[in-house]
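Worksheet for the structure shown next.
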Amino acid sequence: MNSLQLEKLNPQQHTAVTSEAQHLLVLAGAGSGKTRVLTHRIGWLIAAGLASPYSVLAVTFTNKAAREMKGRIEELLEAPSQGLWIGTFHGLAHRLLKAHWQQAKLPQNFQVMDSDDQLRLVKRIIAEMNITDDRIQAKQVQWFIGAQKDEGRRAQYVVASGDWYQDTLKAIYTRYEEICQQSGLVDFGELLLRAHELWLNNPELLAHYKQRFTHVLVDEFQDINDIQYAWLRVLVGNELSLTIVGDDDQSIYGWRGAKVENIQGFELDFSGAQTVRLEQNYRSTANILNAANAVIANNNGRLGKDLWTDDDEGAPLRLYAGFNEQDEARYIADEMKRLIAAGTSPTEIALLYRSNAQSRVLEEALIHLQVPYRIYGGVRFYERMEIRNAVAYLRLVLNRQDDASMERIMNVPPRGIGNKTFESLRVMARDQGCSLWQAAQLALANNALAKRAANALQAFVELIEQMDSKVMGLDDLGEMIDYVNKHSGMIEYHEKEKGEKGRARVENLNELITAAQSYNSELDYDSSAELLALFISEASLDAGDAQAEEHEPSVNLMTLHSAKGLEFEYVFLAGMEENLFPHKMSIADPGGIQEERRLAYVGITRARKELTLTYAESRRLYGSETFNSLSRFVREIPDGLVNEVRLRSTVSRPANFGLQQQMAVEDSGLSIGQRVAHAMFGEGTITNAEGGGAQTRVHVAFDDGTERVLMLQYANLQPV
DNA sequence: GCTTTGGTGCTTTTT
DNA sequence: GCACCAAAGC
């Protein structure tokens, strides 16, 4: 094990890697060598004879992280990581449920349902229950069900409060569980919940895994939710050794159920845990790091860490004020072009923003200046419509009870099965308590449909049956998918589609064949049908970023959330404005602001060499002109670290552009950010202005917590 | 039964 | 200002 060079670690890293404490908490600041510590610790445990590859379980949050860790461990061990379990919570849960489907009370061929399937199912249930009240929205119901499962709560344990809204949610959730069980479908939350119940209901199984694993290691622990924590806690118990690595300052998924408090819970539940802080940063210059520290210091309830670096001061941060969002984008594109011309690789440049909607203007500027860029986090491969359709065919072939898939592709490509037919099948399925497929059989047998519809449906049923007999006879995954692509009529359909779109879809369908051919399962299977089932369900758990094709070297565009875990020499943070970042939706809530601040911290610490912050004095947002003030996060950075860039000479400001509103506001002796009093609403602060002239409206955040938009000419605001 | 028009409402995203 | 979803034409 030559690569395991412990002497190259700093003292804290060394302590963490070689700790013999049963439980270990590594608080690892940004850029402090977190992944290095984790992989080296696994290597060390094995080298020291404290663990064997077979007895180590490593958990991450993304497949990408799991792949990377696996690769790095294999490098360290200089051998394939055989027997070692590395995966995401969901991937591991899936693996367990596949292996122990009987104990988990699931059909052997159960499939994983992604959030799109889930939403469709929720919509179907809402329609089926004849709920028309618009207080019930499918998205919200979906969110509710997810949140319940993340907290380990099944429908029967949701409190029946007597409140109509709550009780309706409970009823939908109940029905949702029923249908999932009947169709053999498991959503993301369900994977975790079932895996947890698997431990609880099968002591002998739990004992088996407690015997097998000696060491459990978890990365990005700040992102863990309640059900994941519970699963882990039952497995580790008092017997196993647990190492967790995380950074409470980088917890940015609270809105999705992640609970930082679980780090504190760890210290309580696993008593005697050793804590190691990694505070030396090897990534950024001192200026960048100091800026990050200054910003995050405004949060409270932190576990506390002080990042420091040996590195030089480096260049000061730059702050650019564009007069509008186009100007902001142009500045960024210009600067990127300059960096690339000076020899910087585009791959070392990143442009980060709070929300995806911001990317368009930025992209336009990059295109204009011919800066090659790559945008992360669009629609992922397995979420593309055509791919999901192809997969739905395969799923239906494997399992006729899979209503979600049946619903999806019954009329794709269009084959004359319309809404009416659909509706009668749904009603029938519901009344009989059977699947859509069985309802179709029934309808055909009873001549319950109009002739045209019956013919179309008959053809569809035969198509699926025929696929079944043909496809199951093949033993190559690629050939199976090829067959379905061709005979479903999808290829033909998309070929006829006009424009670039159709061509891309056909390409994607072919790419799916390639992906299937290179698929290797870690799990056992007895037949090609089982292999196909494994491929499909793992596809649902896969963002498909492994196949991300390499284009020419490009600059990287992504949201702040997707940037976590990455680093670049040059980072641009665009849209540093109140209402945008921190986002409007989070401003009212102190917890929300703190999470936004952690997001700012993540953004700043992505930069190695230079960080540029930009904002726009005026911005078209939702169609109307808005004037946001500089983000509080920029104001939290000490002055000495930031250089303000003003390049007004290169871009001439349209004489009259966007000024009317400000003038109208200023004419009345007021300005944005000013404290004012209103006769009825009391005192508050002007946060924004829109419109112009007599139509000028001002946004005022009143001290009672309400925000109001008032017509300036009638509001009679008095400066305080 | 599929395609075009109008109304709404607006983070962040992995699995 | 655009994208997405639901109701009315071909």
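Here is the naming used below: chain letters follow the sequence lines, and residue numbers restart at 1 for every chain.
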Inset, instruction - Please test A:E538 against A:Y519 for side-chain hydrogen bond (donor to acceptor under 3.5 Å, both in side chains), starting from the C-alpha separation and ending with a verdict. - result: CA-CA 10 Å; A:E538 277 177 40; A:Y519 172 73; 3.1 Å; yes
Inset, instruction - Using only side-chain N and O atoms of A:N356, determine if any of them is under 4.0 Å from OP1 or OP2 of B:dT12. - result: yes
Inset, instruction - Return yes if the base of B:dT14 and the side-chain atoms of A:R256 contain a donor-acceptor N/O pair under 3.5 Å, otherwise no. - result: yes
Legend entry - d(CH2, A:W255; P, B:dT14) in whole Å: 8 Å
Inset, instruction - Give a yes or no on whether A:E492 atom CD has more than 12 heavy-atom contacts from other residues, nucleotides or ligands under 6.0 Å away. - result: no
Inset, instruction - With A:R632 as reference, evaluate A:E577, A:E596, A:E578 under the side chain to side chain donor-acceptor pair (under 3.5 Å) test and give the passing residue. - result: A:E578
Legend entry - P atoms of C:dC5 and B:dT12, separation to the nearest Å: 15 Å
Legend entry - Neighbour count above 12 (heavy atom, 6.0 Å) for A:W143 CH2: no
Inset, instruction - Using a strict cut-off of less than 4.0 Å between a Lys/Arg side-chain nitrogen and an Asp/Glu carboxylate oxygen, indicate whether A:R154 and A:E190 qualify as a salt bridge. - result: yes
Inset, instruction - Would you indicate what A:R354 reaches in the nucleic acid, counting non-hydrogen atoms under 4.0 angstrom: base, sugar-phosphate, or nothing? - result: base
Inset, instruction - Determine, for A:F144 and A:K139, whether the Lys NZ or Arg CZ falls below 6.0 Å from the six-membered ring centre while staying within 45 degrees of the axis. - result: no
Inset, instruction - Measure the distance from NZ on A:K584 to C1' on B:dT12 and round it to the nearest whole Å. - result: 16 Å
Legend entry - Ion pair check, A:E625 and A:R620, cut-off under 4.0 Å: yes
Inset, instruction - Tell me which of A:S586 and A:F188 sits closer to the 5' end of DNA chain B, going by the nucleotide each one is nearest to. - result: A:S586
Legend entry - CG-CD1 distance between A:L232 and A:I244, expressed to the nearest 0.5 angstrom: 8.5 Å
Inset, instruction - Could you measure between the two C1' atoms, the one in C:dA6 and the one in B:dT11, and give it in whole Å? - result: 24 Å
Legend entry - First of A:T559 and A:K420 reached from the 5' end of DNA chain B, by closest nucleotide: A:K420
Inset, instruction - Hey, can you tell me if A:F221 and A:Y229 have their rings parallel, tilted or perpendicular (30° and 60° cut-offs)? - result: perpendicular
Inset, instruction - Grab the CD1-P distance between A:I587 and B:dT11 for me, whole Å please. - result: 14 Å
Inset, instruction - Taking only the side-chain nitrogens and oxygens of A:S540, find out if one of them lies under 4.0 Å from OP1 or OP2 of B:dT15. - result: no
Inset, instruction - For nucleotides B:dT14 and C:dA3, find the distance between their C1' atoms and express it as a whole number of Å. - result: 23 Å
Legend entry - Interatomic spacing from CG in A:L573 to CG in A:L560 - rounded to 0.5 Å: 6.0 Å
Inset, instruction - Could you summarise the pairing of DNA chain B as dot-bracket text, marking Watson-Crick and G-U pairs under 3.5 Å with ( ) or [ ] inside the strand and | across strands? - result: ||||||||||.....
Legend entry - Base orientation of B:dT11, syn vs anti, 90° cut from 0: syn
Legend entry - Distance-only donor-acceptor check, side chains A:N389 and A:R408, under 3.5 Å: yes
Inset, instruction - Round to the nearest Å and state the distance from A:Q358 atom CD to B:dT12 atom P. - result: 9 Å
Inset, instruction - Inspect the contact between A:D114 and A:R120 and indicate whether a charged nitrogen and a carboxylate oxygen are less than 4.0 angstrom apart. - result: no
Inset, instruction - Compare side-chain N and O positions of A:S115 against OP1 and OP2 of B:dT14 and report whether any pair is under 4.0 Å apart. - result: no
Legend entry - Integer-rounded Å distance: B:dT15 C1' and A:H90 NE2: 4 Å
Legend entry - Nucleotide range of DNA chain C lying under 4.0 Å from chain A heavy atoms: C:dG1 to C:dC2
At a cut-off of 3.5 Å, list every protein nitrogen or oxygen paired with a nitrogen or oxygen from nucleotides 2-10 of chain B, distance to 0.1 Å.
unit_1, atom_1, unit_2, atom_2, d
B:dC2, OP1, A:N411, ND2, 3.0
B:dC2, OP2, A:N411, ND2, 3.3

Inset, instruction - Answer yes when A:D249 and A:R598 have at least one side-chain N-carboxylate O distance shorter than 4.0 Å, and no when they do not. - result: no
Inset, instruction - Round to the nearest Å and state the distance from A:I375 atom CD1 to B:dT13 atom C1'. - result: 15 Å
Legend entry - Distance in angstrom units between A:E595 CD and B:dT11 P, rounded: 16 Å
Inset, instruction - Could you tell me the separation between the CD atom of A:Q140 and the P atom of B:dT11, rounded to a whole number of Å? - result: 13 Å
